[in-house]
Amino acid sequence: MTARTYKIAILAGDGIGKEVVPAGLAAIEAAIKNTGITIEWTELPWGCDYYLEKGRMMDEDGFERAATFDAIYLGAIGSPKVPDHIAVWDLLLPLRQRFQQYVNLRPMRLLPGLTSPLANRTSADIDMVCVRENSEGEYSGVGGRVHVGTGHEVAIQTGVFTRTGIERIVRYGFEVASKRPRKMLASATKSNALRHAMVMWDEVADIVAKDYPQVEYRKYHVDAIAARMVTNPGSLDVIVCSNLFGDILTDIGSAISGSLGIAPGANINPERTFPSMFEPIHGSAPDIAGKGIANPIGAIWAAAQMFDHLGQRDVHDRILGAVERVLAKGTVKTPDLGGKATTKELAAAVVSEI
Ligand code: NAD
Ligand code: IPM
Ligand code: MN
């Protein structure tokens, strides 16, 4: 444990983001007690409410301000009152792209004490990490619409895949795999149908694989890997994939781990030129927002990931260890996990366990 002061931005955002972020903050405060670590918190009031008031999702100098932090702790972005593509493209995706957070690291584990919707699975069966490309691919934002509203309207949405972008994410995937006990990497492709981008993806992945003979490397088409996550998740360890594929596969991974409220995601700029950003993988969940029943585990786990990235592995372990022990006891669970506890009750249980 190294004594240090960190400047961290809190971007709670919208819907249940505002409910799960306080849970994560409470866990952090408990975990850094008596460690010499201090945190200067700054709340960024950005998001859909901010948009409805000011006509923009973030401050005009938002990127410059956000760049001054050591890390950004995010809840969720999105509201039924604001078109999703505006909310996402005026805040979330530009942050990931401009801050070169090209790695999205999303662990998916069936934690002891939780029940998978898949029959007869235990925590030994579901322990995967998705290494998702987070800055280009299907999410490049390139394209346009013409003849809008007419019968011959055309929309073009272009995937942008660069050799550099593929090479660095696949290498990151191999690095993660090489440090895990099973040392397996599955590359999600679709080179049968996507004959330009995914053929290049496979070629680059094959080249990078040569540097990691100790890692068992396989390619699966993304449809087959989606099925495999359901039928035989134990055969998967680390999955490296494109932006959109990773989005879909991690919702499956979190769901089979018990709930969409479980999995966290670290948006990492490995070079540390810019702050990295940590968030649960779920969204703002308008259907349950305001009820106080959102599962805070994804957000708390994301807080743990943030301290791992900041070089404070002990804080990570303290937070995640407490989560694991609370869930293993099985007495405090939110409704998505089959319990009756509120967000605050589950957060309080984690805090007192820490
Ligand atoms: P969602 O993840 O918000 O919700 C999907 C379903 O999962 C809902 O039924 C919801 O109640 C449930 N759920 C999600 N998180 C939960 C939690 N912590 N505890 C209990 N149940 C939980 O996805 P959606 O409905 O597709 O999207 C809603 C909004 O969120 C949209 O505006 C979307 O664009 C946005 N979104 C944002 C992010 C992000 O900020 N990173 C991620 C996904 C979706
Ligand atoms: C996620 C979300 C985002 C994504 C949306 C809100 C753009 O679904 O973080 O998983 O697709 O990356
Ligand atoms: Mn998603």
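FYI, the numbering just counts along the sequence from 1. Counting starts at 1 for both ligands and their atoms, in listed order.
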Q: List, ordered by chain and residue number, the protein residues whose closest non-hydrogen atom lies under 4.0 Å from any atom of ligand 2.
A: Val88, Leu92, Arg96, Arg106, Arg132, Tyr139, Asp247, Ile281
Q: Scan the protein's non-hydrogen atoms and note whether one is under 4.0 Å from atom 2 (O) of ligand 1.
A: yes
Q) How far is atom 37 (C) of ligand 1 from its nearest protein heavy atom, and which residue and atom is that? A) Ile77 O, 3.0 Å
Q) Between the candidates Ile297, Val88, Asp287, which shows the shortest non-hydrogen contact distance to atom 8 (C) of ligand 1? A) Asp287
Q | Residue and atom name of the nearest protein heavy atom (relative to atom 14 (C) of ligand 1), distance in Å to one decimal | A | His282 CB, 3.7 Å
Q: Using a strict cut-off of less than 4.0 Å between a Lys/Arg side-chain nitrogen and an Asp/Glu carboxylate oxygen, indicate whether Glu175 and Lys179 qualify as a salt bridge.
A: yes
Q: May I ask you to identify the nearest protein heavy atom to atom 13 (N) of ligand 1, giving residue, atom name and distance to one decimal place in Å?
A: Ala285 CB, 4.2 Å
Q. Which residue holds the protein heavy atom closest to atom 22 (C) of ligand 1, what is that atom called, and what is the gap in Å?
A. Ile288 CD1, 4.0 Å
Q) Backbone or side chain, does any N or O of Gly283 fall under 3.5 Å from an N or O of ligand 1? A) yes
Q | Asp49/Lys81 ion pair, N-O < 4.0 Å | A | no
Q. Nearest protein heavy atom to atom 29 (C) of ligand 1, by residue and atom, and its distance?
A. Ser284 OG, 3.2 Å
Q: Select one of side chain, backbone, both or neither to describe which atoms of Leu92 lie under 4.0 Å from any atom of ligand 1, heavy atoms only.
A: side chain
Q) Any heavy atom of Asp84 sitting closer than 4.0 Å to ligand 1? A) yes
Q: Using a 4.5 Å cut-off on heavy atoms from C-beta on, say whether the side chain of Ile72 contacts that of Phe278.
A: no
Q: Decide if atom CD of Glu271 counts as having more than 12 heavy atoms of other residues, nucleotides or ligands within a radius under 6.0 Å.
A: yes
Q. So does Lys329 pair up with Glu324, basic N to acidic O under 4.0 Å?
A. no
**Q.** Arg180 bridged to Asp237 by N-O distance under 4.0 Å
**A.** yes
Q. Closer than 4.0 angstrom: is that true for some heavy atom of Thr334 and an atom of ligand 1?
A. no
Q) Would a 4.5 Å heavy-atom cut-off, applied to side chains only, mark Leu95 and Met277 as touching? A) yes
Q.
So Lys7 and Phe69, do their side chains get closer than 4.5 Å, heavy atoms only?
A. yes
Q: Mark up the atoms of ligand 1 that fall under 4.0 Å of a heavy atom belonging to Gly78, in ascending order.
A: 32 (O)
Q. Looking only at protein heavy atoms, which one is nearest to atom 19 (N) of ligand 1, and how far off is it?
A. Asn295 N, 2.9 Å
Q: Flag Ile293 as yes when one of its N or O atoms lies below 3.5 Å from any N or O atom of ligand 1, and as no otherwise.
A: no
Q: Answer yes or no: does atom CD of Glu43 have more than 12 heavy-atom neighbours from other residues, nucleotides or ligands under 6.0 Å?
A: no
Q: Show which atoms of ligand 1 fall inside a sub-4.0 Å distance from at least one heavy-atom site of Gly261.
A: 17 (C), 18 (N)
**Q.** atom 42 (C) of ligand 1 touched by protein (heavy atom, under 4.0 Å)
**A.** yes
Q: Could you check if a side-chain atom of Thr5 sits within less than 4.5 angstrom of a side-chain atom of Ile39, using non-hydrogen atoms only?
A: no
Q. Who else is in Ile293's hydrophobic cluster (ILVMFWY, side-chain heavy atoms under 4.5 Å, direct or via others)?
A. Ile16, Ile288
Q. Do the side chains of Cys241 and Val222 get nearer than 4.5 Å, heavy atoms only?
A. no
Q: Taking 2.8 Å as the upper limit, name the protein N, O or S atoms near the Mn ion (ligand 3).
A: Asp247 OD1
Q) Going by the atom numbers of ligand 1, which of them fall below 4.0 Å from some non-hydrogen atom of Ala294? A) 19 (N)
Q: Assess Gly298 for proximity to ligand 1: is some non-hydrogen atom of it under 4.0 Å away?
A: no
Q: Apply ring pair (Phe, Tyr, Trp, His ring centres under 6.0 Å) to Tyr212 and list each qualifying residue two or more places apart in sequence or on a separate chain.
A: Phe174
Q.
Against the six-membered ring of Tyr172, is Arg132 placed for a cation-pi contact (under 6.0 Å from the centre, within 45° of the normal)?
A. no
Q. Do side-chain atoms of Glu216 reach the backbone of Lys183 as a donor and acceptor pair under 3.5 angstrom?
A. no
Q.
For Ile16, which part has a heavy atom under 4.0 Å from ligand 1: side chain, backbone, both, or neither?
A. side chain
Q) Would you say atom 26 (O) of ligand 1 touches the protein, meaning some protein heavy atom is under 4.0 Å from it? A) no
Q | Carboxylate-amine/guanidinium proximity below 4.0 Å for Asp127 and Arg182 | A | no
Q: For atom 7 (O) of ligand 1, state which one of Ile262, Ile281, Leu260 supplies the nearest heavy atom.
A: Leu260
Q | Given Glu279, His309, Gln305, the one that forms side-chain hydrogen bond (donor to acceptor under 3.5 Å, both in side chains) with Asn267 | A | Glu279
**Q.** Lys344, NZ atom: more than 12 neighbouring heavy atoms under 6.0 Å
**A.** no
**Q.** Region of Asp336 engaging ligand 1 - heavy atom pairs below 4.0 Å
**A.** side chain
Q: Mark yes or no: Arg56 above the aromatic ring of Tyr50, with NZ or CZ under 6.0 Å from the six-membered ring centre and no more than 45 degrees from the axis.
A: no
Q) Is there side-chain contact between Gln97 and Tyr102, with at least one heavy-atom pair below 4.5 Å? A) no
Q | Proximal ligand 1 atoms for Ala76, defined as those under 4.0 Å from one of its heavy atoms | A | 40 (O)
Q: Walk me through it: do Lys33 and Glu29 pass the test side-chain contact (heavy atoms from CB on, under 4.5 Å)?
A: CA-CA 6 Å; Lys33 222 179 219 170; Glu29 290 295 354; over 6 Å; no
**Q.** Pro286 to ligand 1, any heavy atom closer than 4.0 Å
**A.** yes
